[in-house]
Amino acid sequence: MIKSLFNRFFAFPLIIHHPLGLFKQNQSSISMAFNTRIKVKKLLENDLIGQDATLMGWVRTKRSNKNVTFIAVNDGSSIHNYQVVADPAYISEEILKKVTTGACLKITGKIVASQGAGQQAELAASTIEILGEADSETYPLQPKKHSLEFLREIAHLRIRTNTFGAVFRIRHALAFAVHKYFNDKGFFYIHTPIITSSDAEGAGETFKVTILDLKNPPLTDEGKINFKEDFFEKETNLTVSGQLEGELAAMGLAEIYTFGPTFRAENSNTARHLAEFWMIEPEMAFYDAQDNQDLAEDFLKYVISYALENCKDDLEFLDKRAAEEETSKKADQRSEMGLIDRLRFVVENEFQRITYTEAIDILKNSNHNKKKKFQYLIESWGVDLQSEHERYLVEKHFNKPVILTDYPKDIKAFYMRQNDDGKTVAAMDILFPGIGEIVGGSQREERLEYLTKRMEEMHIPTEEMWWYLDTRRFGSTPHAGFGLGFERLVLFVTGMGNIRDVIAFPRTPGHAEF
RNA sequence: UCCUCCUUAGCUCAGUUGGUUAGAGCACAUGACUGUUAAUCAUGGGGUCCUAGGUUCAAGCCCUAGAGGGGGAGCCA
């Protein structure tokens, strides 16, 4: 099996990188010549008229009459297609028959000024090779609008659609912007472990990692599973956060960030949750809560600006798409701003910063609360905010991103720095319209005695966490950090409604297809 | 996990109070058309009405259970 895959892989024409250029060997009947292919994105710059060109890509639509056939080709480099013109005098009927929606082509020809209205230039084909046929009877994608739910079921093919092409190009740009932002600021990219042995943060249900025989696991004298016989000789799981290890790194490199996969086995069935998602977690020594908020706001504005500058066409497409969706909604559910306006608004305006206590006052005195329109009425200080409350603050009261700070300590994690009032901790959540919580962070408790006391109160085993506590024993310093759900960021920037549509192959309860 | 809505052609959907042979657009096939822009026009093929059971003279439509999906909630990023 492995050998046959190996052979198959290397049966392709070998392209060997050589200082003098690319050399091809083992020429097959279809010459690949990747090095001479011109991408649609480049062709659309319309500065190559008169030149010969080779285009490779997938057929989106074909329109034809007796004299001429037009083929819209997309190669993923752009949301836009490039028009290929095939004259039946040069391209055989046999070939044109195989030019169907979804087929993959290699076209050679001359770039000429277009006689039609929709484009400046086009490729007049002298040869068309069918690299891969797509049977039009069974190929599921048509040149029409499909529902996102249907496309989710064919996630292996949906990447070929305009919408998902745009989403994944933007996702890439955002990921790149994340690294660029931190690199330019002197942060170091740390890889924290995927497999961990602690669930100390209590951030949720974990996926277990084991090589034990599930049907017949080794048992201890007490009848429990004996993890001493497991691969790591202890119980292990997939990481729910890289934060604790991130803190360790920040205590030597000062400013670090992680950007990696995160796993939560929660039975969450919502448009905002995934079982496997990507999280960005910066952790900074010598930062207090204020610095942390400043960084998070600056960071979010930077990556969103980056997308606005570098993904114009894709954002315009998604903006138009969202606007069309809006027209089918009821008048009171339509959003006031379009996608691009919304992104600009976030970039150009300061986030609203309020404390939890202030938020409770606003909510308690709101007409919404007095008229009992909240499902959960706000009565007293100390309760956790429901998403209806967060949405009220962000979407109705302030109408912009909100940084909520200084939450009651009892509803937050053990590692957050305790404030002088004895009731609250230096936590921050950043809430975005339509998305809810996009960032959760805090200044960390750097004082050993405060931290151990809090851990004991919350029944966190201090012995197992000796390595974490060591950072407070030796050279401790004020530090802070936050976690940002990458897919939630992509969700906001693309204006998509469901988090399953901003990751290529989503993992959710009951779904690990593809 | 809870609440709620949905499931009819490959896709998106209509289908009246239960009543004869279940429709449309797109897609597909064939043909027409001197440059199209998700081309257009004509003709044609295509159905386990989600599954199982029930009520009825008669079920796409009513009832029960199940499966799949959407939206909302909780948990969170």
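Every chain is numbered from 1 and lettered A, B, ... according to where its sequence line falls, protein lines coming before strand lines. When reading the values below, keep in mind they use all heavy atoms of this one structure, side chains included, and skip hydrogens, waters and symmetry mates.
- Distance noted for atom P between B/rC26 and B/rG71: 29 Å (whole Å).
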So what is the 5' to 3' dot-bracket string for RNA chain B, if pairs are Watson-Crick or G-U wobble with both distances under 3.5 Å, crossing pairs use [ ] and | means the partner sits on another strand?
(((((((..((((.....[...)))).(((((.......))))).....(((((..]....))))))))))))....

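- Closest contact between the side chain of A/R63 and the listed nucleotides B/rA77, B/rA38, B/rU34 involves B/rA38.
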Protein-nucleotides 23-27 of chain B N/O pairs under 3.5 Å:
from, atom 1, to, atom 2, distance (Å)
B/rG25, N2, A/K144, NZ, 3.0
B/rA27, O4', A/Q142, OE1, 3.4

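- Base engagement by A/G116 is indicated by at least one non-hydrogen atom pair under 4.0 Å involving a base atom.
- Of the candidate nucleotides B/rU34, B/rG35, B/rG74, B/rU34 has the atom lying nearest to any side-chain atom of A/K66.
- In this structure, the NE2 atom of A/H273 is 9 Å from the C1' atom of B/rG74, given to the nearest Å.
- In summary, of the residues considered (A/K41, A/R171, A/R169), a salt bridge (Lys or Arg N to Asp or Glu O under 4.0 Å) with A/D314 occurs for A/R169 alone.
- Taking a 4.0 Å limit (strictly below) on heavy-atom distances, residues 313-322 of chain A does not reach RNA chain B anywhere.
- Which of B/rG74, B/rG35, B/rC76 sits closest to the side chain of A/S268 comes down to B/rG74.
- Near RNA chain B, defined here as any heavy-atom distance below 4.0 Å, there are no residues from residues 162-171 of chain A.
- Ranking B/rG35, B/rA38, B/rC76 by closeness to the A/V68 side chain, first place goes to B/rG35.
- Candidate nucleotides B/rA77, B/rC33, B/rU36 were compared by shortest atom distance to the side chain of A/R488, and B/rA77 ranks first.
- Using atom P as the reference point in both B/rC13 and B/rC50, the two lie 14 Å apart (nearest Å).
- When heavy atoms are screened at a 4.0 angstrom cut-off, A/S387 is found touching the sugar-phosphate backbone but no base atom.
- RNA chain B lies under 4.0 Å from at least one heavy atom of each of the following residues of residues 495-514 of chain A: A/N498, A/R500, A/H511.
- Of the residues in residues 146-157 of chain A, A/H146, A/S147, A/E149, A/F150, A/R152 come within less than 4.0 Å of RNA chain B through at least one heavy atom, sorted by number.
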